[in-house]
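No experiment lies behind these values; they were computed from the predicted model shown.
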Amino acid sequence: MYHTWMRFLTPGPAHHRLGLVCLGVGLQYGALPTVGPRTLDHHVAVVISTGGGWYEDARGRRTTVTAPALLWLTPGVPHHYAPDPETGWDEGFVDFTGPATATYTELGYIEPDRPVVPLTDATGPRGVIGRMARAARRDNPLLEVETGAAVHELLVALRRARADLTPDGHQVLKALARDAFTPMSVADHAARHGMTLAELRTAVRRGAGCSPKDYLLGIRLGRAKELLAATELPVAAVARRIGYDDPAYFSRLFTRRVGTAPVRFRAQQGRAVPGGWSDQVPDPDDPPRLPGTDAG
(Lines give C-alpha, C1' and ligand atoms only; values in the text may rest on other atoms or scores of the structure.)
Protein backbone atom coordinates (compact mmCIF):
# COMPACT_ATOMS: atom_id res chain seq x y z
CA MET A 1 0.00 0.00 0.00
CA TYR A 2 1.28 3.46 -0.80
CA HIS A 3 0.00 7.02 -0.50
CA THR A 4 0.60 9.79 -3.04
CA TRP A 5 -0.22 13.46 -3.50
CA MET A 6 1.13 15.40 -6.47
CA ARG A 7 0.35 18.41 -8.62
CA PHE A 8 1.78 19.40 -11.99
CA LEU A 9 2.09 23.00 -13.21
CA THR A 10 2.43 24.63 -16.63
CA PRO A 11 4.15 28.01 -16.19
CA GLY A 12 3.95 30.46 -19.09
CA PRO A 13 6.78 32.01 -21.11
CA ALA A 14 7.06 35.02 -18.79
CA HIS A 15 7.53 32.74 -15.77
CA HIS A 16 10.32 30.85 -17.54
CA ARG A 17 12.17 34.15 -17.94
CA LEU A 18 12.41 34.33 -14.14
CA GLY A 19 15.15 31.70 -14.39
CA LEU A 20 13.55 28.72 -12.64
CA VAL A 21 10.03 27.35 -12.72
CA CYS A 22 8.34 24.54 -10.83
CA LEU A 23 6.78 21.92 -13.09
CA GLY A 24 5.49 19.67 -10.33
CA VAL A 25 5.57 18.94 -6.62
CA GLY A 26 4.59 15.81 -4.75
CA LEU A 27 4.66 14.00 -1.42
CA GLN A 28 4.63 10.19 -1.21
CA TYR A 29 5.28 7.51 1.36
CA GLY A 30 5.15 3.76 1.71
CA ALA A 31 6.13 0.86 -0.53
CA LEU A 32 6.01 2.96 -3.70
CA PRO A 33 6.23 1.35 -7.15
CA THR A 34 9.51 1.23 -9.07
CA VAL A 35 10.27 4.29 -11.21
CA GLY A 36 11.76 3.73 -14.66
CA PRO A 37 13.88 2.96 -16.42
CA ARG A 38 13.04 6.35 -17.92
CA THR A 39 14.64 9.59 -19.16
CA LEU A 40 13.30 13.09 -18.48
CA ASP A 41 13.75 16.45 -20.22
CA HIS A 42 13.88 18.42 -16.96
CA HIS A 43 15.37 18.26 -13.45
CA VAL A 44 13.82 16.54 -10.44
CA ALA A 45 15.00 16.66 -6.84
CA VAL A 46 13.72 13.68 -4.83
CA VAL A 47 14.24 14.12 -1.09
CA ILE A 48 14.08 10.88 0.92
CA SER A 49 13.29 11.63 4.56
CA THR A 50 12.93 8.13 6.01
CA GLY A 51 13.41 4.56 4.80
CA GLY A 52 15.66 3.26 2.07
CA GLY A 53 15.87 1.65 -1.33
CA TRP A 54 18.07 1.70 -4.42
CA TYR A 55 19.02 3.76 -7.46
CA GLU A 56 20.32 2.28 -10.72
CA ASP A 57 22.10 4.24 -13.46
CA ALA A 58 22.15 3.66 -17.22
CA ARG A 59 25.03 1.18 -16.90
CA GLY A 60 23.09 -0.99 -14.50
CA ARG A 61 25.16 0.03 -11.47
CA ARG A 62 22.97 -0.04 -8.38
CA THR A 63 23.52 2.22 -5.37
CA THR A 64 21.88 1.72 -2.01
CA VAL A 65 19.83 4.70 -0.87
CA THR A 66 19.52 5.32 2.87
CA ALA A 67 17.58 8.28 4.26
CA PRO A 68 18.15 11.11 4.60
CA ALA A 69 19.22 11.37 0.99
CA LEU A 70 18.71 13.26 -2.25
CA LEU A 71 18.21 11.77 -5.70
CA TRP A 72 19.17 14.05 -8.60
CA LEU A 73 17.27 13.21 -11.79
CA THR A 74 18.77 15.30 -14.59
CA PRO A 75 17.68 15.86 -18.20
CA GLY A 76 18.71 13.19 -20.70
CA VAL A 77 20.13 10.85 -18.05
CA PRO A 78 18.37 7.44 -17.77
CA HIS A 79 17.45 6.45 -14.23
CA HIS A 80 15.72 3.64 -12.37
CA TYR A 81 14.92 3.59 -8.65
CA ALA A 82 12.59 2.29 -5.98
CA PRO A 83 12.15 2.10 -2.21
CA ASP A 84 12.59 -1.15 -0.35
CA PRO A 85 9.36 -3.15 -0.94
CA GLU A 86 9.21 -4.17 2.71
CA THR A 87 9.78 -0.82 4.43
CA GLY A 88 9.15 1.76 1.71
CA TRP A 89 10.32 5.34 2.13
CA ASP A 90 8.99 8.86 2.62
CA GLU A 91 9.77 11.19 -0.28
CA GLY A 92 9.05 14.69 -1.46
CA PHE A 93 9.84 15.63 -5.04
CA VAL A 94 10.03 18.79 -7.13
CA ASP A 95 10.19 18.88 -10.93
CA PHE A 96 11.78 22.08 -12.26
CA THR A 97 13.48 23.65 -15.25
CA GLY A 98 14.80 26.97 -16.50
CA PRO A 99 17.96 28.67 -17.75
CA ALA A 100 19.24 29.14 -14.19
CA THR A 101 19.78 25.38 -13.86
CA ALA A 102 22.99 25.79 -15.88
CA THR A 103 24.35 28.31 -13.40
CA TYR A 104 23.33 26.25 -10.38
CA THR A 105 25.12 23.28 -11.96
CA GLU A 106 28.24 25.38 -12.55
CA LEU A 107 28.16 26.49 -8.90
CA GLY A 108 27.83 22.88 -7.70
CA TYR A 109 24.30 23.10 -6.32
CA ILE A 110 23.07 20.60 -8.91
CA GLU A 111 25.33 17.58 -9.49
CA PRO A 112 24.44 15.60 -12.64
CA ASP A 113 27.34 13.18 -12.08
CA ARG A 114 26.28 12.41 -8.51
CA PRO A 115 22.69 11.15 -8.59
CA VAL A 116 22.63 9.92 -4.95
CA VAL A 117 23.66 12.50 -2.36
CA PRO A 118 23.64 11.72 1.40
CA LEU A 119 22.09 14.44 3.55
CA THR A 120 22.66 15.23 7.21
CA ASP A 121 19.01 16.14 7.73
CA ALA A 122 16.07 16.37 5.34
CA THR A 123 14.06 18.74 7.56
CA GLY A 124 15.05 21.94 5.75
CA PRO A 125 14.44 20.72 2.19
CA ARG A 126 11.22 18.96 3.18
CA GLY A 127 10.01 22.17 4.79
CA VAL A 128 10.49 24.00 1.49
CA ILE A 129 8.69 21.24 -0.43
CA GLY A 130 5.83 21.41 2.08
CA ARG A 131 5.46 25.15 1.48
CA MET A 132 5.47 24.55 -2.26
CA ALA A 133 2.72 21.97 -1.85
CA ARG A 134 0.62 24.46 0.10
CA ALA A 135 1.24 27.14 -2.56
CA ALA A 136 0.25 24.78 -5.38
CA ARG A 137 -3.47 25.21 -4.90
CA ARG A 138 -5.23 25.95 -8.16
CA ASP A 139 -6.85 29.18 -6.94
CA ASN A 140 -3.52 30.74 -5.90
CA PRO A 141 -2.91 33.80 -8.15
CA LEU A 142 0.80 33.73 -7.18
CA LEU A 143 1.15 30.03 -7.97
CA GLU A 144 3.87 30.04 -10.66
CA VAL A 145 5.94 32.86 -9.17
CA GLU A 146 5.70 31.57 -5.60
CA THR A 147 6.65 28.00 -6.49
CA GLY A 148 9.38 29.19 -8.87
CA ALA A 149 10.95 31.30 -6.14
CA ALA A 150 10.78 28.29 -3.83
CA VAL A 151 12.86 26.22 -6.27
CA HIS A 152 15.74 28.64 -5.63
CA GLU A 153 15.15 28.24 -1.90
CA LEU A 154 15.08 24.46 -2.25
CA LEU A 155 18.45 24.38 -4.02
CA VAL A 156 19.98 26.40 -1.19
CA ALA A 157 18.39 24.15 1.44
CA LEU A 158 19.70 21.04 -0.32
CA ARG A 159 23.18 22.56 -0.48
CA ARG A 160 23.09 23.24 3.27
CA ALA A 161 21.85 19.71 4.02
CA ARG A 162 24.60 17.86 2.15
CA ALA A 163 26.40 15.45 4.45
CA ASP A 164 29.79 16.09 2.83
CA LEU A 165 29.74 19.83 3.47
CA THR A 166 29.38 21.83 6.67
CA PRO A 167 26.24 24.03 6.57
CA ASP A 168 28.09 27.26 7.41
CA GLY A 169 31.08 26.71 5.15
CA HIS A 170 34.38 24.92 5.10
CA GLN A 171 37.02 26.06 7.58
CA VAL A 172 39.21 27.16 4.66
CA LEU A 173 36.40 29.45 3.45
CA LYS A 174 36.04 30.94 6.91
CA ALA A 175 39.78 31.56 7.09
CA LEU A 176 39.77 33.19 3.64
CA ALA A 177 36.91 35.46 4.71
CA ARG A 178 38.77 36.39 7.88
CA ASP A 179 41.94 37.28 5.93
CA ALA A 180 40.22 38.70 2.84
CA PHE A 181 41.37 42.28 3.47
CA THR A 182 45.00 41.35 3.95
CA PRO A 183 47.09 42.21 0.85
CA MET A 184 47.89 38.59 0.02
CA SER A 185 47.87 36.71 -3.27
CA VAL A 186 45.88 33.53 -3.74
CA ALA A 187 49.20 31.66 -3.63
CA ASP A 188 49.93 33.30 -0.27
CA HIS A 189 46.56 32.13 1.07
CA ALA A 190 47.25 28.59 -0.14
CA ALA A 191 50.67 28.55 1.52
CA ARG A 192 49.20 29.84 4.78
CA HIS A 193 46.91 26.80 4.88
CA GLY A 194 49.59 24.34 3.79
CA MET A 195 47.82 23.71 0.49
CA THR A 196 48.82 23.77 -3.15
CA LEU A 197 47.05 26.21 -5.43
CA ALA A 198 45.15 23.32 -6.98
CA GLU A 199 44.02 22.07 -3.56
CA LEU A 200 42.83 25.53 -2.56
CA ARG A 201 40.95 25.97 -5.84
CA THR A 202 39.26 22.60 -5.37
CA ALA A 203 38.26 23.37 -1.77
CA VAL A 204 36.82 26.79 -2.63
CA ARG A 205 35.08 25.55 -5.76
CA ARG A 206 33.50 22.71 -3.80
CA GLY A 207 32.42 24.89 -0.91
CA ALA A 208 31.49 28.17 -2.61
CA GLY A 209 31.09 27.29 -6.28
CA CYS A 210 33.70 29.78 -7.49
CA SER A 211 37.43 30.39 -7.68
CA PRO A 212 39.42 31.65 -4.64
CA LYS A 213 39.99 34.93 -6.48
CA ASP A 214 36.27 35.50 -7.06
CA TYR A 215 35.44 34.43 -3.49
CA LEU A 216 37.90 36.95 -2.03
CA LEU A 217 36.86 39.64 -4.49
CA GLY A 218 33.20 39.31 -3.56
CA ILE A 219 34.03 39.83 0.12
CA ARG A 220 36.35 42.75 -0.60
CA LEU A 221 33.95 44.59 -2.87
CA GLY A 222 31.06 44.03 -0.48
CA ARG A 223 33.09 45.71 2.28
CA ALA A 224 34.13 48.50 -0.10
CA LYS A 225 30.48 49.24 -0.84
CA GLU A 226 29.73 49.45 2.89
CA LEU A 227 32.62 51.87 3.46
CA LEU A 228 31.62 54.02 0.49
CA ALA A 229 27.99 54.17 1.63
CA ALA A 230 28.56 54.58 5.37
CA THR A 231 31.71 56.72 5.65
CA GLU A 232 33.37 59.73 4.07
CA LEU A 233 36.71 57.96 3.66
CA PRO A 234 38.49 58.91 0.42
CA VAL A 235 38.41 56.24 -2.26
CA ALA A 236 42.14 55.64 -1.77
CA ALA A 237 41.56 54.95 1.93
CA VAL A 238 38.71 52.57 1.10
CA ALA A 239 41.01 50.74 -1.29
CA ARG A 240 43.68 50.35 1.41
CA ARG A 241 41.10 49.13 3.95
CA ILE A 242 40.20 46.20 1.73
CA GLY A 243 43.72 45.26 0.68
CA TYR A 244 44.54 47.33 -2.43
CA ASP A 245 47.51 49.72 -2.26
CA ASP A 246 46.82 51.10 -5.74
CA PRO A 247 43.60 53.19 -5.67
CA ALA A 248 43.52 53.48 -9.48
CA TYR A 249 43.57 49.68 -9.83
CA PHE A 250 40.86 49.41 -7.18
CA SER A 251 38.67 51.95 -9.02
CA ARG A 252 39.05 50.10 -12.32
CA LEU A 253 38.29 46.76 -10.66
CA PHE A 254 35.29 48.17 -8.78
CA THR A 255 33.90 49.78 -11.94
CA ARG A 256 34.32 46.61 -13.99
CA ARG A 257 32.72 44.31 -11.42
CA VAL A 258 30.03 46.60 -9.97
CA GLY A 259 29.15 48.46 -13.16
CA THR A 260 29.67 51.93 -11.73
CA ALA A 261 32.63 53.88 -10.38
CA PRO A 262 33.23 54.11 -6.60
CA VAL A 263 32.42 57.84 -6.49
CA ARG A 264 29.16 57.30 -8.36
CA PHE A 265 28.23 54.37 -6.11
CA ARG A 266 28.79 56.66 -3.09
CA ALA A 267 26.64 59.38 -4.64
CA GLN A 268 23.82 56.88 -5.16
CA GLN A 269 24.03 54.86 -1.96
CA GLY A 270 25.79 57.02 0.62
CA ARG A 271 23.72 57.85 3.67
CA ALA A 272 24.36 59.14 7.15
CA VAL A 273 22.13 57.58 9.81
CA PRO A 274 21.64 58.40 13.50
CA GLY A 275 24.05 56.37 15.60
CA GLY A 276 25.97 55.17 12.56
CA TRP A 277 25.98 51.76 10.89
CA SER A 278 26.13 48.55 12.87
CA ASP A 279 28.28 45.49 12.15
CA GLN A 280 25.98 43.28 14.21
CA VAL A 281 23.65 41.05 12.22
CA PRO A 282 20.07 41.93 13.18
CA ASP A 283 17.76 39.35 14.70
CA PRO A 284 14.50 39.30 12.68
CA ASP A 285 12.71 37.72 15.66
CA ASP A 286 13.64 40.63 17.92
CA PRO A 287 13.13 43.83 15.90
CA PRO A 288 13.71 47.24 17.49
CA ARG A 289 10.64 49.26 18.44
CA LEU A 290 10.11 52.96 18.13
CA PRO A 291 9.18 54.81 21.32
CA GLY A 292 5.51 54.39 22.15
CA THR A 293 5.04 51.33 19.93
CA ASP A 294 5.70 48.60 22.53
CA ALA A 295 2.85 46.17 22.91
CA GLY A 296 1.02 46.64 26.15
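- Contact of the Ile129 side chain with the Phe93 side chain is not registered, since no non-hydrogen atoms from C-beta on lie closer than 4.5 Å.
- Counting only distance, with no hydrogens or angles, the side chain of Arg266 and the backbone of Ala229 share no donor-acceptor pair below 3.5 Å.
- The distance from the CD1 atom of Ile48 to the CG atom of Leu119 is 9.5 Å, given to the nearest 0.5 Å.
- Side-chain contact between Ile110 and Trp72 is present, with at least one heavy-atom pair separated by less than 4.5 Å.
- Summarising the geometry of Leu154 relative to Ala45, their closest heavy-atom pair is CD2-CB, 4.4 Å, with the distance given to 0.1 Å.
- How far NE2 of His189 is from OH of Tyr215: 11.0 Å, rounded to the nearest 0.5 Å.
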Pair Thr101, Phe96 - check side chain to side chain contact (heavy atoms under 4.5 Å, CB included), show working. CA-CA 9 Å; Thr101 56; Phe96 64 97; 3.8 Å; yes
So His79 and Leu40, side chain to side chain contact (heavy atoms under 4.5 Å, CB included) or not? Walk me through it. CA-CA 9 Å; His79 56 267; Leu40 299 173; 3.8 Å; yes
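- Between Pro37 and Pro78, the closest side-chain pair of non-hydrogen atoms is not below 4.5 Å.
- From Trp54, atom CH2 reaches atom OG1 of Thr63 across 11.0 Å, with rounding to the nearest 0.5 Å.
- Tracing side-chain contacts under 4.5 Å through hydrophobic residues (I, L, V, M, F, W, Y), one never reaches Leu73 starting from Leu70; they form parts of separate clusters.
- Side chains of Val65 and Leu71 form a contact here, defined as non-hydrogen atoms less than 4.5 Å apart.
- For the residue pair Pro68 and Asp121, the shortest heavy atom distance occurs at CG-N, 4.0 Å.
- Looking at Asp139 and Arg137, a side-chain N of the basic residue comes within less than 4.0 Å of a carboxylate O on the acidic one, giving a salt bridge.
- Formation of a donor-acceptor pair under 3.5 Å by the Asp57 side chain with backbone atoms of Arg61 is found in this model.
- At most 12 heavy atoms of other shown residues, nucleotides or ligands fall within 6.0 angstrom of atom CD in Glu86.
- Rounding to the nearest 0.5 Å places CZ of Phe181 at 6.5 Å from CZ of Arg223.
- Summarising the geometry of Asp41 relative to Pro75, their closest heavy-atom pair is C-CB, 3.8 Å, with the distance given to 0.1 Å.
- When side chains are defined from C-beta on, Lys225 counts as touching Val258, because their heavy atoms get closer than 4.5 Å.
- A salt bridge links Arg126 with Asp90; the closest basic N to acidic carboxylate O contact falls under 4.0 Å.
- Counting heavy-atom neighbours within 6.0 Å of Arg138 CZ, excluding the residue itself, gives a total of 12 or less.
- Under the 3.5 Å distance criterion, the side-chain polar atoms of His15 are matched with a main-chain donor or acceptor of Gly12.
- Interatomic distance, Leu217 CG to Ser211 OG, rounded to the nearest 0.5 Å: 8.5 Å.
- Pairing each heavy atom of Ile219 with each of Ala180, the nearest pair is CG2-CB, 3.7 Å.
- Using a 4.0 Å cut-off between charged nitrogen and carboxylate oxygen, Glu111 and Arg162 count as a salt-bridge pair.
- Ala163 approaches Thr120 most closely through the heavy-atom pair CA-CG2, 3.4 Å.
- Hydrophobic cluster membership is shared by Met195 and Val186, with clusters built from Ile, Leu, Val, Met, Phe, Trp and Tyr side chains linked at under 4.5 angstrom.
- One finds no salt bridge joining Arg131 and Glu146 here, because no Lys/Arg side-chain nitrogen approaches an Asp/Glu carboxylate oxygen to under 4.0 Å.
- Looking only at side-chain heavy atoms (C-beta outward), Val94 and Cys22 come within less than 4.5 Å of each other.
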Please set out all donor-acceptor pairs under 3.5 angstrom arising from side-chain atoms of residues 233-249, sequence neighbours excluded.
residue	atom	partner	partner atom	Å
Tyr244	OH	Arg220	NH1	3.3
Asp246	OD1	Ala248	N	3.0
Asp246	OD1	Tyr249	N	3.3

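- For the pair Arg7 (side chain) and Val25 (backbone), a donor-acceptor distance under 3.5 Å is absent.
- In the hydrophobic cluster analysis, where Ile, Leu, Val, Met, Phe, Trp and Tyr join through side-chain heavy atoms closer than 4.5 angstrom, Val21 is grouped apart from Val151.
- Atom CG of Asn140 and atom OG1 of Thr147 lie 8.5 Å apart (nearest 0.5 Å).
- Ring planes of Tyr29 and His3: parallel class, angle under 30° (limits at 30 and 60°).
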Side chain to side chain contact (heavy atoms under 4.5 Å, CB included) assessment of Val44 paired with Thr74: CA-CA 7 Å; Val44 184; Thr74 50; over 6 Å; no
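- Met184 and Leu200 sit in two unconnected hydrophobic clusters of ILVMFWY residues. Membership requires side-chain heavy atoms under 4.5 Å apart, directly or through other members.
- Of all non-hydrogen atoms in Asp179 and Arg192, the two that sit nearest each other are OD2-NH1, 3.0 Å.
- Taking hydrophobic clusters as Ile, Leu, Val, Met, Phe, Trp and Tyr residues chained together by side-chain heavy-atom distances below 4.5 Å, Val47 shares a cluster with Val128.
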Apply the test side chain to side chain contact (heavy atoms under 4.5 Å, CB included) to residues Leu221 and Phe254: give CA-CA distance (whole Å), side-chain angles for both, the deciding distance (0.1 Å), then the verdict. CA-CA 7 Å; Leu221 292 183; Phe254 187 99; 3.9 Å; yes
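- Between Tyr104 and Tyr109, the ring-plane angle classifies as perpendicular under the 30° and 60° cut-offs.
- Side-chain contact check for Glu199 versus Val204: every heavy-atom pair is 4.5 Å or farther apart.
- Side-chain contact between Arg38 and Val35: present, with at least one pair of heavy atoms (C-beta onward) separated by less than 4.5 Å.
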